Protein chains: 2
Amino acid sequence: MNAPLTLRDIARQAGVSLATVDRVLHNRPGVRADTVRRVKDAMTRSAFQPHAAASELARARSRRFAFVMPAGVNLFMQQIQAHLGEMANWMAARRLSVEIVATDVFDPAILAARLEDLVGRVDGVAVVALDHPSVRAAINDLVESGAKIVTLVSDVPSSRRHHYVGIDNIAAGRAAGALVGRFTGGRPGRVAIMAGSHGLRDHAERIFGFTQVIAAEYRQLEVLPVVEGHDDDDRSEHLMRRLLADYRDIVGLYNVGAGTAGVAKALTEPLSGSGRAGDIVFVGHDVTAVTRKLLLNGVMDAVISQNPGHEARSAVRVLLALARGEPLLSEQEAIRIDIVMRDNLP
Amino acid sequence: MNAPLTLRDIARQAGVSLATVDRVLHNRPGVRADTVRRVKDAMTRSAFQPHAAASELARARSRRFAFVMPAGVNLFMQQIQAHLGEMANWMAARRLSVEIVATDVFDPAILAARLEDLVGRVDGVAVVALDHPSVRAAINDLVESGAKIVTLVSDVPSSRRHHYVGIDNIAAGRAAGALVGRFTGGRPGRVAIMAGSHGLRDHAERIFGFTQVIAAEYRQLEVLPVVEGHDDDDRSEHLMRRLLADYRDIVGLYNVGAGTAGVAKALTEPLSGSGRAGDIVFVGHDVTAVTRKLLLNGVMDAVISQNPGHEARSAVRVLLALARGEPLLSEQEAIRIDIVMRDNLP
DNA sequence: CTGTTAGCGCTTTCAC
DNA sequence: GTGAAAGCGCTAACAG
């Protein structure tokens, strides 16, 4: 019925100028308290919402974001980057650009240095961070410089980052535990855990959740000490071989990080004296080309996954909203824990 | 480094006016083929992307969308509506409004009439549709009228709807089948299926997928004939009681639609001579207040779920993009099948 | 077939 | 403290 209101209408209603309304709208100083009240009244009275496009156009700013991510062949990280690539047009239409900074995220000094490099150069940063004091300090410096920061996949909760884009890793570990528990169907035996490193916050949290569930609800299962494969295929394979040889009663296996191909190889290779893939419930993380194949051929039973496309888009959206000073649709930005089996492979 | 290009820059490069560039950009007629080429060249040469906000502002249109959804107490549908409510500000900032049309979606004549009412009145419609000829015709009439149409939750693939917002229900059924199969842990016995109605396309597809998996991969399980609870608690409870009494060897239960509270009641109530909740693997759909409680207390083992928030936002985003003539981020709009257990309850 | 021009609603100087 | 006015980049008449 009624044409949408504009700032102009509010200005008229409050008996002030456009500029003043704008000042009030953005809580800028230099307006008498009384005038502020009058303007705010007018706004609420008519449920005024500023037109997003107009505001965006008027400031006509382009923005630079940086994504600081692990260098190397981590398939999951590559997927995130690919999804960023798919957003290129979307970002261009909004005058955004993102620069990918590949670095050694396992070395806190190097990672912190890369982050410090960005101070003053960008409007926002998404970082796959190691939770370490010097990294935390670098994040805080970036925040101090006015940039907006989101942590990606692995959080640094003690820093002043504005937002975390990733899953609740304790819950993810619990879900993995429940799957191993249920899928072993009451058979007693041991459960092996292969992690990248205890030092990674996300891995540590997953292990915690997993162990918790197994201990509490599946008493017939005994969890073996965690071995660290450093997300590396060869190393993981080697360690896995050893485990399989040492313990003949392994019924479940939780691979917390990457290196999945190596683990699977140890599990399936007849030479290793195992070929026990069919008997061992194998749960891991993230849908990649490797895990997809293992699910399809039945070596893996389930994958706990976070959606890399969602994470990429969410990081960009959140950085943009923070930079513009817009509110987040928080439910939209929550990253869910996906349980993926052969039949709901995306 | 370089300030982003504008239409003006392209115009200068191609030696034409702003208006001509705009015509070419939108494939509007009335431009000589040769000029079109020159302009397109200039655009690609400089990788031009029009500024989304400027375009949106210049047309300054408000848009009306309608959501046609089942009247009544369906918790899942209520959640979708609640999420639409949460987007109110977001929509207002983009000059969108949505009107919710509650109707009897089980009666094709009524549903079709409601849809016809909307012809000419709205820019877009999202509809939870029954797959029936008269509904299909109404959808096509709306498309004819220039409105953009998305089907929501349940599709009408034979219509000319522009997009379907919902999950692959066959895959959802397969996932449910795999869960029942795995969780029963090799125990032989019968599996019951409770559906809303065979006439609902989504229910029929789920049953198909479920049965397929059980038959192919879990030969020790025998699927009982589907009973129809009409998504109604009382009716579902009654039918479930009968099933439990008739068959003492039920080890699995798949509830395809709503009415979950009734099913659970039959399963747990000691009077019904059953109290067999602990022995029967119970899988259903959608995370609601009811299913959440049943997962937590162990009556349900898993829920196959589509994210109502995602569906609500996706429907609005897709309608908006279609109305504006913008491309979709197709991966973003794909609705995933979530498997939810106690430990990854959102 | 092509160009000119007046906005869209908000932000941002720069005056007063 | 407040206001006037010049854009932001694109679209849509309306002329030619």
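Here is how names work: the chains are called A, B, and so on, in the same order as the sequence lines, proteins then strands, and each is numbered from 1. Being a predicted model, the structure only gives us computed values, none of them experimental.
- For the residue pair A:Gln13 / A:Arg38, no side-chain donor-acceptor distance below 3.5 Å is found, with atom types taken as modelled.
- A salt bridge is absent between B:Arg121 and B:Asp117: the closest approach of a Lys/Arg side-chain nitrogen to an acidic carboxylate oxygen does not fall below 4.0 angstrom.
- Side chains of A:Gln49 and B:Asn89: a donor-acceptor N/O pair is present below 3.5 angstrom, by distance only.
- When each of B:Ala19 and B:Ala53 is assigned the nucleotide of DNA chain D with its nearest heavy atom, B:Ala53 is the one assigned upstream, toward the 5' end.
- What separates CZ of A:Arg23 from P of D:dG1 is a distance of 11 Å, to the nearest Å.
- Each of A:Leu18 and B:Glu56 was assigned the nucleotide of DNA chain D with the nearest heavy atom; the assignment lying further toward the 5' end belongs to A:Leu18.
- The base of D:dG7 lies outside donor-acceptor range of the side chain of A:Arg59, with no N or O pair under 3.5 Å.
- Note: NE2 (A:His51) to P (D:dT11) measures 13 Å, nearest angstrom.
- Each of C:dG3, D:dA12, C:dT11 was ranked by its minimum atom distance to the side chain of A:Leu25; first place goes to C:dT11.
- Counting to the nearest Å, the P atom of D:dC10 and the CG atom of B:Leu5 are 9 Å from each other.
- Atom pair B:Leu57:CG and C:dT11:C1' shows a separation of 12 Å (rounding to whole Å applied).
- At the heavy-atom level, B:Ala54 lies under 4.0 Å from base atoms of the strands shown.
- Checked against C:dC8, D:dT2, C:dT11, the side chain of A:Arg32 finds its nearest nucleotide in D:dT2.
- In this entry the distance linking CD1 of B:Ile10 with P of C:dG3 reads 15 Å, nearest Å.
- One atom, CG of B:Asp34, and another, C1' of C:dC1, lie 12 Å apart when rounded to the nearest Å.
- Within 4.0 Å (heavy atoms only), B:Ala58 reaches at least one base atom of the nucleic acid.
- Test B:Arg63, B:Arg61, B:Arg95 against B:Glu56 for salt bridge (charged side-chain N to carboxylate O under 4.0 Å, His left out) and you get one pass: B:Arg63.
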